[in-house]
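Bear in mind that the values here come from a model prediction, so they are computed numbers and not experimental data.
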Amino acid sequence: MLLSARLLAAADEFASMSTTLEEVVIVNISSGDGELAFLDSDVARWVQSTDSLHRLQTDMASWLLPTTQQAHRETAVGATPAYSLSKAVLNRFTQLLSEQRHALPVAVRVVSVCPGNFLSPLTTDEERLQRFDPVRTVHEAASDVVSAIQNDQNRYISGGFFRYGRAIRF
C-alpha cells in the first residue's frame, strides 16, 4: 500500500512539473516466469484473487516462508520459485495500481512488459549454452519497454501485460 501510494504520488508530482505532459507511464519490467501457469495452483489463486495492495504486500511472506506443513510444497515450478512468485505479485500489483490510477488529476498508465529471453554481458556460460527461443539482443528487449512508454494507450492498455509488443495472458 505504501509503495503504491508513493508510486502514484510520484506520478502526480512528476506530472505537475510539466504543463505539457499528457500522461505518466509506469512500466513493470516483468518476466514470463511470473505467469500464473508457473505457480502452484493455490499460490496462483491467491495472487489472482488478492484485491488489496496492502494484502498483496503483507501476505507474500507467508508463501515465501512456508510453514512446516507446507515445506514439501513448491511455490512455483522451476529453479527460481521466489523469483517467479515475486514477478507474479508485481504483475498483480500492476493490475491493482492501474485500477487506482483514476483518482489522480493526470492520466497514468501502468503496464507490465515481459522483454523475453535475451543474452547480455550478465548471462552466465551455462545460460549461453541453453536454447532460448527466440534469442533477442538487449537492444530489442529494451525497445519493447520504450514502445510501452511511447505508444498510445490504445495499444498498451493500462493494467495489461505485453511481450514483443502484443498483449499476453497473466
Original post:
Who pairs with R92 by salt bridge (charged side-chain N to carboxylate O under 4.0 Å, His left out), at least two apart in sequence or on another chain?
Top reply: none

Subject >> Non-hydrogen atoms of V27 and A148 that approach each other most closely >> reply: CG2-CB, 4.5 Å

Original post:
Is the backbone N or O of T137 less than 3.5 Å from a side-chain atom of E140, with the two atoms forming a donor-acceptor pair by type?
Top reply: yes

Original post:
Can you tell me how far the CG atom of L90 sits from the CD1 atom of I29, to the nearest 0.5 Å?
Top reply: 11.0 Å

Original post:
Quick one: side chain to side chain donor-acceptor pair (under 3.5 Å) partners of D33, sequence neighbours excluded?
Top reply: none

Original post:
Does the side chain of S158 pick up a donor-acceptor pair with the side chain of S98 at under 3.5 Å?
Top reply: yes

Subject >> Distance (rounded to the nearest 0.5 Å) between L85 CG and W46 CH2 >> reply: 6.0 Å

Original post:
Any side-chain heavy atom of L36 within less than 4.5 Å of one from Q48?
Top reply: yes

Subject >> Student check: side-chain heavy atoms of F162 and V111 closer than 4.5 Å >> reply: yes

Original post:
How close do E35 and R163 get, heavy atom to heavy atom, and via which atoms?
Top reply: OE2-NH2, 2.8 Å

Original post:
Distance from F161 atom CZ to S30 atom OG, nearest 0.5 Å?
Top reply: 7.0 Å

**OP:** Please round to the nearest 0.5 Å and tell me the distance separating atom OG of S31 and atom OH of Y83.
**Re:** 3.5 Å

**OP:** Mind listing the closest non-hydrogen atom pair of V25 and I149 along with its distance?
**Re:** CG2-O, 3.9 Å

Original post:
Do V110 and Q95 have side-chain heavy atoms sitting under 4.5 Å apart?
Top reply: no

Subject >> Heavy-atom pair of closest approach, residues T50 and R55 >> reply: CA-NH1, 3.8 Å

Original post:
Is the backbone N or O of P115 less than 3.5 Å from a side-chain atom of R136, with the two atoms forming a donor-acceptor pair by type?
Top reply: yes

Original post:
I168, V47: one ILVMFWY side-chain cluster at the under-4.5 Å cut-off?
Top reply: yes

Original post:
Closest approach of G34 and N91, non-hydrogen atoms and distance?
Top reply: O-ND2, 3.5 Å

Subject >> Shortest non-hydrogen contact between N28 and S112, atoms and distance >> reply: ND2-OG, 2.9 Å

